[in-house]
Amino acid sequence: MPGWRAELMRGTAGGEQVPTCLWSSDVDLAGRHEVGYLQHCRLYADRRAA
């Protein structure tokens, strides 16, 4: 197993689960994307209403 993979899997149950740091990053990124999309929709709606 390459060193980077071993480092990522360290502390996981049997090496089968996704490390918490990667899961947290993924959820954070999805949340930021949703916020940006909703802001875009609001601005688009404001321009159409004007």
Are Q39 and V35 close enough, and set up right, to give a side chain to side chain contact (heavy atoms under 4.5 Å, CB included), and what steps lead you there? CA-CA 6 Å; Q39 287 174 341; V35 168; 3.9 Å; yes

Taking the six-membered ring for Trp, are Y37 and H33 parallel (under 30°), tilted (30 to 60°) or perpendicular (over 60°)?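 Parallel.
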
Spacing of CG belonging to L43 relative to CZ belonging to R47, to within rounding of 0.5 Å: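 Going from the CG atom of L43 to the CZ atom of R47 covers 5.5 Å.
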
Evaluate the side-chain proximity of L38 to R42: yes if any heavy-atom separation is below 4.5 Å, no if none is.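 No. Closest side-chain heavy atoms not under 4.5 Å.
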
